[in-house]
Protein chains: 2
Amino acid sequence: MSLLFHHPLCPHSRFIRLALAEYGLDADLFEEKVHERRQDFLLIDPAGRTPVLVADGGLVVPGAGPIAEWIDEAYGPNTPAARLMPGDIAGRVETRRLMDWFNGKMFAEVTDWLVTQKVYKRFMPSKAGGGAPDMTLVRAARANIRHHLAYIGFLVSERNWLAGPRMTYADLAAAAHISVADYLGDVPWDEDELAKAWYQKIKSRPSFRALLADRVIGMAPSEVYADLDF
Amino acid sequence: MSLLFHHPLCPHSRFIRLALAEYGLDADLFEEKVHERRQDFLLIDPAGRTPVLVADGGLVVPGAGPIAEWIDEAYGPNTPAARLMPGDIAGRVETRRLMDWFNGKMFAEVTDWLVTQKVYKRFMPSKAGGGAPDMTLVRAARANIRHHLAYIGFLVSERNWLAGPRMTYADLAAAAHISVADYLGDVPWDEDELAKAWYQKIKSRPSFRALLADRVIGMAPSEVYADLDF
């Protein structure tokens with residue numbers, strides 16, 4: 001059995017949990033508190049951030065992008081119908097562009113601030129930067145998420161899924177980040193009907209169920225979080 | 001002929017210029033000032049950052065990671081001896097891990113601060129954030145680069161190149177970031193003999209020549225920048 005070092009509200013970890021489930025792969029989950037900088041974890045991956053996957057056989061695959069590429073290279077050829085990385089060159093470029101968009105740009109402008117300020121800081125000692133959330137950053141994240149929702153709506157106005165006719169890693173990456181903001185009640189769902197319809201579609205997939213059952217101690221999710229018909 | 005939107009001191013652009021040269025590919029260069037948020041550039045890639053490659057035939061490939069993967073997928077099979085993405089699964093994981101390390105972690109801790117504070121801000125209007133460098137960030141970058149030099153030294157103490165027995169994208173990514181800091185005089189070369197020997201080896205490659213000829217107006221490079229025997 002492989003082992004995934006993750007955090008329930010780390011969007012990159014959620015992206016990989018979705019990817020594993022879509023490829024039909026099981027993994028044990030270990031909740032890593034990266035701010036503790038645990039020595040045993042740093043020996044596995046000196047970058048010290050989640051997710052890190054230790055595959056069956058011991059291969060260490062660290063980071064959302066490398067894990068996604070590895071899953072598709074290792075398991076995609078045997079499950080061609082379920083592949084989340086397209087086979088054609090242009091589709092691969094578009095999928096990777098949008099993985100970067102959500103895992104990089106949306107993280108930097110939205111989910112990093114939301115999760116760090118509203119979640120991680122609650123569980124960190126004050127000398128490690130813990131404490132009350134900086135609401136300036138939370139408000140900036142809430143303003144920025146509207147652009148990402150609109151971009152999702154724009155993309156699915158022209159395509160079935162974000163990167164083209166089929167679901168890809170781009171959809172899982174976007175949904176992972178949206179799901180974290182949704183847990184925290186920070187998605188303005190009335191702003192974009194197309195983005196909402198896309199999220200309803202992906203949220204209904206079996207791969208999403210484990211995420212919808214996640215609970216962080218002392219932080220109940222928003223009312224709509226686990227509701228498939230929000 | 002393909003076209004690369006880049007900036008001479010953008011480390012991600014330099015990484016791609018090295019990759020193109022190693023694969024024997026030519027590209028016209030267009031210097032993009034991303035802070036101007038030029039409409040024609042944003043239509044090509046709404047993420048609005050360098051590098052963006054427009055390939056022969058018009059395919060737009062944005063971002064360092066997607067461009068590197070695309071170059072290897074499109075041209076690697078015809079030039080197997082020059083491939084910078086290994087063929088074996090563990091080698092691919094290690095190469096991508098280290099690409100992320102340098103293009104992500106080292107950028108966030110070192111080169112983003114150095115280039116933004118010392119270069120970009122000189123050419124930006126004050127209302128866009130231009131002005132004098134924040135020396136607190138420059139000093140933090142100068143402290144952090146020592147850890148990255150030490151990590152390079154550690155890796156090449158066990159291997160010929162950063163990711164294994166052959167040169168890979170990991171070396172080009174690391175060298176691109178180091179080269180930007182070196183232009184600005186911010187690499188403490190007396191700190192790690194192994195890292196220095198690795199950089200001398202990669203700096204002597206023909207693919208590096210164009211980078212060593214780069215000059216930013218009004219900012220002379222450090223004395224050792226273009227010296228192969230520094």
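Proteins get letters first, then strands, A, B, ... in listed order; numbering begins at 1 in each. Bear in mind the structure is a predicted one, so any value in this text is a computation, not a measurement.
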Checklist entry - Which residue out of Met99(B), Lys105(B), Glu73(B) racks up the most heavy-atom pairs below 4.5 Å with chain A? => result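 The answer is Glu73(B).
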Checklist entry - Charged N to carboxylate O under 4.0 angstrom, Asp134(B) versus Lys121(B)? => result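 Salt bridge: no.
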Checklist entry - Are Arg159(A) and Glu94(A) within salt-bridge range, i.e. N to O under 4.0 Å? => result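 Between Glu94(A) and Arg159(A) there is a salt bridge, with a charged N closer than 4.0 Å to a carboxylate O.
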Report yes if the distance between the aromatic ring centroids of [X] and [Y] is under 6.0 Å, otherwise no.
X	Y	value
Tyr169(B)	Phe15(B)	yes
His12(B)	Phe107(B)	yes
His7(A)	Tyr120(A)	yes

Item to check | Part of Arg97(A) lying under 4.5 Å from any heavy atom of chain B | outcome: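 The answer is both parts of Arg97(A).
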Checklist entry - Where does Ala74(A) contact chain B at under 4.5 Å (heavy atoms): side chain, backbone, both or neither? => result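 Both backbone and side chain.
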Next on the checklist: Looking at chain B, which one of Gly65(A), Pro46(A), Ala55(A) has the largest number of heavy-atom pairs inside 4.5 Å, strictly under?
Outcome noted: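 So the answer, after comparing Gly65(A), Pro46(A), Ala55(A), is Pro46(A).
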Checklist entry - So which of Pro62(A), Gly104(A), Ala90(A) has the largest heavy-atom pair count under 4.5 angstrom toward chain B? => result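 Highest number of pairs under 4.5 Å: Pro62(A).
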